[in-house]
Each structure stands twice: as structure tokens, then as C-alpha cells.
Amino acid sequence: MSVRVRFSPAPSGELHVGSARTALFNWLYARNTDGTFLIRIEDTDTSRTREEWVDAIGDTLRWLGLDWDETPWRQSQRIPEYLAAADRLLASGDAYECFDTSEELEAMNAERKAAGLPPGYDGRGRDLTADQRAALAAEGRPRTVRFRTPDTGRSVFTDAVRGEVAVEWSTISDFVIVRSDGSPLFFLANAVDDLAMEITHVIRGEDLIDTTHRVLAIRRALGGVEAPMYAHLPLILQADRAKLSKRHGAVAVEDFRARGILAEALFNYLSLLGWAPDDDREVMTAPDVVAAFTLERVTHSAAIFDDKKLEWMNGEWIRRLSLAELVERVRPFAVERYGDGFDEGIFVAGVTVGQERASTLVSLADQLAFLFAGDAFAVADDVWSQVSTVDQPAAVLDAVIRHVTGCDWNVDSIGEMRAAITELGLKPGKVMKLLYAAIEGRAAGLPLFDSIELLGREISVARLVAARARLG
RNA sequence: GGCCCCGUCGUCUAGCGGCCUAGGACGCCGCCCUCUCAAGGCGGAAGCGGCGGUUCGAAUCCGCUCGGGGCUACCA
């Protein structure tokens, strides 16, 4: 039987890295097994769904390199299917109608809490007669449909990464599957669709592990024979071990993209959060990961998202890109910043020099600022006060100005300024930050000699002279 | 509170009874290279949560305990 997996995002915001990791693992499994990767938009909660997010999530998945195989399913277009399923459950007695108001339910839970009982529906609507239901409905009370869970016994399923997972049915009370506004809930839609889509493997976050029992119960009641294999992935946590949230920096994939993280790097990094190949490889291409991916090697414990390691990996990928490719990746960030003074030749030369040490596309684009600053170039006060404290700043600048004014115009000749500095009895490394600031406006940046060559003699000398003048 | 899942360096992980005086990577520290450094090279500190068992032998198996996370909605 061919593998069919699905990624089912709720379009209530941008794609979260946790969701992206779930999508990625589904995709990896499908590609590794030559199976089918499907998308299902879970938009039954109309109050939280926004159409723009549907497109945005698709764009993000494509950017990450995750392609899907068939037209995405939309739960909002399948409401009649879910309600028909609910009717069948009603007819078979697996579900029943309830007419409790939210106030009554709140009061019920308050009572249970006071009595030391866990919260949950007490089953008060289970045995209403048809007449009673009609009467309650006539009162204008809200009508919901609840699924009837067993009172005894255990629910057991085998998870591909966790093994056997079991829970007592007595701890799961009857739950709502159709809201009072007539719309279906997650559990129902999930069971109906996994059946209809012939999903063979459900790969998702561990936060959903407890819902599996309920979805599986509905599935069985609906006549589903063979259940899909479930695989619950460890959660991704932030540094304080709490769930990833917007309060703690970037959590949306688009945030990383905007920061200049490469899709290759995020793909690679996310692959290694909760999974590892059976060797020491870390920097891996998508085909490498696809070839090595198995559910058996998915790890069990929650993983903390390490931004530092992501940045390191991003640098690795920046170095692996061809120059032409890197230029195209940096371009939008550079155009955004230097639109007016943008010069293609200078830009490409700058990226060439910066590729070796950059960690993000944004940091690389930022380092190019001095090349496009023109007459607006200035060294910020805080930078200046930090770099002007080197030994003999005036003598250093005088010597360098003299050198740059007269030397041949190539990197090696420009670099001979080191000798001029040494002659002053100084170690070049100790005073270079002054020169970096004078030329690039920052204490550290693109390699200086290349930068001076790129800038040209006239502008370079002018900037050095300006710095000298500032010393007084 | 109840239920479920999880527990190897700060972090991601390798490990599936002897190959482990626990390996790799990020980060950190030091040194080197050197024109800054966000790159490169070399080296270092750093971990099996705890307690009992099983066994000739346990990071690996079992129990308890402690700790972390998740769920407990007319969200998904």
C-alpha cells in the first residue's frame, strides 16, 4: 500500500516553525517512501480563519522546498460531509444531541471542581427521550452533538515513534463534535477526512497525542477498519522550555526568511530537530535528508530551538551557494536598502568579498552599506568613540592616507599599508578598527583592503581625511 | 488536580548490555592565522536527574522517585 500523508494547517496566522517542522517530516516521509504528500486546510473555525493566510502558508511551504501532490483539501468546503457523518453517528447511537447552555456547563464544571472531580461533561444529555429533546429545542436552547465515549476499558494505539500508547476511557468524557452554530469540530472533520483521503500515516506534533483516542473512536464508529499509523513528533520549545511564542522572537517561518535565513538552512536545521541520520552528517541537502529519513530515527524528547546553531548552519549554506546564486538571494535585501544608489558591479563585488564570513543575507546586505552611502557616509558617534581610542590615531591615519594616495590600485599594494603602520611601532591588528570605521563606518566589516579597492582611491582618501579631521 | 508523553554536555544529538575513562555538532573558553571579524586551524572545559533492583557487567533492562512538557474547550 502506497504511503499517503497530509499536512493540515489551520490558517489562523503565518506558518509557525513548529508547524513547518511537522510539514517537513510528513514531506520527508512521503518522499522517502515514494508516497503522496497532501495538504488539508483545517478552516472549520471560521472565527479564526483568514483567507490570506491560506495563500501565505502555501507560499511559505514552497519557499521551504515542500511541494505537494494533489489539489489541497479545504475543510470549509466539506461541511456537509462532516454533518452527514454526525447524522450517521446520531443514528447509530454513537452520538447524541445536547441542549445545555454555556452557563449550565460552566456551573457543572464549577460543581465538579468543588467536589474534587476533574472537569468534563457528566453525560447529562445522554438519555434524553426524543420528546425531551424536542421540548428543549423548542425552548430555543442551543443544540450540539456529542460523541459518546466508552465508560470502561482502555483505548490503545501503536505509535511509530512512541510505541504503545494507552489511556482509560473513563478519563475521557463525551465531547462535542458539532457546535451549536451547526459547524463541525476538529475531531469529527479529522476522522472523516483521514478516512476520505485514505491517509496511511498521521505525522504530527505530540501535543495532539491525547486527541488520537477520540479521533480513532469516531473513525471506528464511522466504519473505518484499518486505522492509519500515527507518529507523534517531539515538540519544539523555546529556551525557557515553554512552547514557542511570539514574545520570544521569531517563530514564523517568514520571520526567519526576512532575517536572511536561507531556505536550505532552515530546512536542514529543522530536519535535525527531532531526527538525526545514523551517521555524523549535519550539513545535508534535501535529497540527502530524504534518502536517510525514517520514522524510527525520530527522537522522543522535546527539543529547544537553538537560534545560534541555525545561524551557524546558515553561514555554512551561504558558503555553499555559488556566487551567482548568492547574489540573487542577497539582491532583494540590498535593493530594499540601497535602491537609489544601487550599482550592480559594486554590489556583486561586495557580495563576493562578503560571502566567506557572512552568517545571514541581511548581515551581508548591511555590510554593504558603506559602498552605497555616497555623500551621506558618516561614522556614528558611538562607533567613533569606540575606535578613536587606539594608539596614535593621527599618526596612523596620516600614514595610511599617504600610502593610499600613492600606492598601486590593487588589493596587495593597498595592503602594504600594514608596513606603514608597523613603522610607527604599532601592531596593525591593534589599530585596524580605526581604519575600518573610517572607511566602512563600523569597527568590523568586509575585509578592509578589498573594500578600499572597491570604493576607489578618491572616496577612500576622502573618508580617511575626514576621519583625520575629526581627530582634530 | 486527573490523564498522557518525555528525561545523555548550556543546546541539538549518537548510543539500542561489554567497542563508553560516553562520540559528533552549535555555543563557550584559550591559542594560532590574520587587516577587523561574523571565516579558518588547533586545543580545552562541560553530560548519562536521583535511588533501588536485574546482571559477571547498565547510559542502555525493570521499579520507585524527582524534574520537564502536553492535554484536560462548542481551538486545531
Side-chain angles (χ1 to χ4, degrees), chain A residues 8-10 12 19 42-45 47-48 75 98 100 102 105 109 113 116-121 142-146 159 162 165-168 170-173 175-181 183-187 189-190 204-213 232 234-235 237 239 241-243 269 272-283 297 299-313 315 319 354-360 363-364 367 387 414-415 417-418 421 428-437 440 442-452:
Chain A
S8 37
S12 56
S19 305
E42 306 215 328
D43 51 357
T44 55
D45 183 355
S47 68
R48 307 191 341 155
Q75 291 195 324
C98 286
D100 311 293
S102 52
L105 293 175
N109 270 324
K113 192 177 176 186
L117 290 167
Y121 190 67
R143 177 243 189 208
T144 60
V145 178
R146 276 183 194 271
D159 189 283
R162 277 152 223 284
V165 179
V167 65
E168 294 291 333
S170 61
T171 63
I172 302 177
S173 60
F175 55 94
V176 175
I177 56 176
V178 178
R179 296 186 183 88
S180 55
D181 68 1
S183 63
L185 261 89
F186 167 70
F187 306 103
N190 199 286
R204 30 129 78 151
E206 197 205 320
D207 51 337
L208 294 171
I209 197 165
D210 289 315
T211 70
T212 307
H213 301 95
H232 287 96
L235 261 23
L237 272 25
R241 302 211 73 85
K243 265 172 107 171
Y269 179 70
L272 264 20
L273 263 194
W275 175 84
D278 60 6
D279 52 37
D280 280 342
R281 285 178 297 168
E282 292 214 293
V283 180
R297 293 195 65 80
T299 60
H300 292 195
S301 54
I304 290 174
F305 193 93
D306 185 355
D307 214 65
K308 285 272 183 41
K309 186 154 186 175
L310 205 213
E311 286 218 355
W312 162 77
M313 189 164 272
R319 252 139 259 141
Q355 179 170 24
E356 191 179 332
R357 288 157 196 233
S359 62
T360 69
S363 66
L364 180 47
Q367 284 189 319
V387 302
I414 293 167
M417 72 169 63
R418 276 175 297 178
I421 293 168
K430 297 289 184 191
V431 300
M432 290 307 278
K433 61 181 178 182
L434 172 64
L435 302 173
Y436 273 86
E440 303 186 36
R442 49 208 295 171
L446 254 33
L448 187 68
F449 309 148
D450 297 274
S451 299
I452 289 175

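Owing to the predicted nature of the structure, the values given are computational and were not obtained by experimental measurement. So you know, we letter chains A, B, ... as the sequences are listed, proteins then strands, and number each from 1.
Proximity of a side-chain donor or acceptor of A/Arg204 to a complementary backbone N or O of A/Ile209 within less than 3.5 Å is not detected.
Rounded to whole Å, the P atom of B/U60 lies 12 Å from the corresponding atom of B/G18. For the P atoms, the distance linking B/C6 with B/G49 amounts to 15 Å, nearest Å. With P as the reference atom, B/A25 and B/A45 are 15 Å apart, rounded to whole Å. Spacing between B/A58 and B/U21 at atom C1', rounded to whole Å, works out to 16 Å. Comparing the C1' positions of B/C66 and B/G50 gives an interatomic distance of 7 Å, to the nearest angstrom. Using C1' as the reference atom, B/A14 and B/A59 are 12 Å apart when rounded to the nearest Å. Look at the C1' atom in both B/G1 and B/C9: the space between them is 36 Å, to the nearest Å. B/C51 sits 23 Å from B/C12 when the P atoms are compared, rounded to a whole Å.
Using the Watson-Crick or G-U wobble rule with both distances under 3.5 Å, B/G7 pairs with B/C66. When Watson-Crick and G-U wobble pairs are counted only if both distances are under 3.5 Å, B/C33 pairs with no nucleotide at all. Under the Watson-Crick and G-U wobble criteria, each requiring two contacts below 3.5 Å, nucleotide B/U60 is left unpaired.
Along RNA chain B, the nucleotide closest to A/Ser8 and the one closest to A/Met432 are compared, and the more 5′ of them pairs with A/Met432. Both A/Lys309 and A/Ala358 lie close to RNA chain B; mapped to their nearest nucleotides by heavy-atom distance, the more 5′-ward contact belongs to A/Lys309.
Residue A/Glu440 is out of contact with every strand shown, counting any heavy-atom pair closer than 4.0 Å. Contact annotation for A/Leu435: no contact, since no heavy-atom pair falls under 4.0 Å across all strands. Counting any heavy atom pair closer than 4.0 Å across all strands shown, A/Thr44 reaches sugar-phosphate atoms only and no base atom. A/Arg146 comes within 4.0 angstrom of sugar-phosphate atoms only, judged by non-hydrogen atoms across all strands, and of no base. Heavy atoms of A/Leu448 sit under 4.0 angstrom from at least one base atom. Residue-level contact check: A/Gly445 touches the bases, meaning some heavy atom is under 4.0 Å from a base atom. Heavy atoms of A/Thr299 sit under 4.0 angstrom from primed sugar atoms or phosphate atoms, though from no base atom. Using a 4.0 Å heavy-atom cutoff across all strands shown, A/Ser301 reaches sugar-phosphate atoms only and no base atom. Counting any heavy atom pair closer than 4.0 Å across all strands shown, A/Ala189 reaches no nucleic acid atom. A/Gly274 comes within 4.0 angstrom of sugar-phosphate atoms only, judged by non-hydrogen atoms across all strands, and of no base. A/Asp100 comes within 4.0 angstrom of a base, heavy atoms only.
Between A/Asp181 and A/Arg179 there is no salt bridge, since none of the side-chain N atoms of the basic residue sits less than 4.0 Å from a carboxylate O of the acidic one.
Residues A/Lys309 and A/Leu272 are not in side-chain contact: their nearest non-hydrogen atoms beyond the backbone lie 4.5 Å or more apart. A/Phe175 is not listed as a side-chain neighbour of A/Leu185, based on a closest heavy-atom distance of 4.5 Å or more.
In this entry the distance linking CG of A/Leu273 with P of B/U13 reads 6 Å, nearest Å. Across the protein-nucleic acid pair, A/Arg281 atom CZ and B/A14 atom P stand 14 Å apart, rounded to whole Å. Regarding A/Gln367, its CD atom lies at a distance of 11 Å from the P atom of B/A38, rounded to whole Å. Distance, A/Lys433 NZ to B/U34 C1': 16 Å, rounded to whole Å. Atom-to-atom, CD of A/Glu42 to P of B/C75 comes out at 14 Å; the value is rounded to the nearest Å. For the pair A/Leu364 CG and B/A39 P, the computed distance is 14 Å after rounding to whole Å. For the pair A/Leu185 CG and B/C75 C1', the interatomic distance rounds to 8 Å; values are reported in whole Å. Atom C1' of nucleotide B/A38 and atom CZ of A/Arg319 are separated by 8 Å, given to the nearest angstrom.
Here the side chain of A/Thr211 is nearest to one of B/A25, B/A39, B/A76, namely B/A76. Ranking B/U13, B/A39, B/C26 by closeness to the A/Ala276 side chain, first place goes to B/U13. In the set B/C74, B/C3, B/G27, B/C3 carries the atom at the smallest distance from any side-chain atom of A/Thr171. Between B/C74, B/C26, B/C4, one nucleotide has an atom nearer to the side chain of A/Ile209 than all others, and that is B/C4.
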Subject >> Audit row: A/Ser451, A/Leu446, side chain to side chain contact (heavy atoms under 4.5 Å, CB included) steps and yes/no >> reply: CA-CA 7 Å; A/Ser451 299; A/Leu446 254 33; 3.5 Å; yes
**OP:** Could you walk me through whether A/Phe187 and A/Val176 pass the side chain to side chain contact (heavy atoms under 4.5 Å, CB included) test, one step at a time?
**Re:** CA-CA 9 Å; A/Phe187 306 103; A/Val176 175; over 6 Å; no
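A pairwise comparison of heavy atoms in A/Leu237 and A/Ala302 identifies CD2-CB, 3.4 Å as the closest pair.
Between A/Arg297 and B/G15 there is a side-chain polar atom (N or O) within less than 4.0 angstrom of OP1 or OP2.
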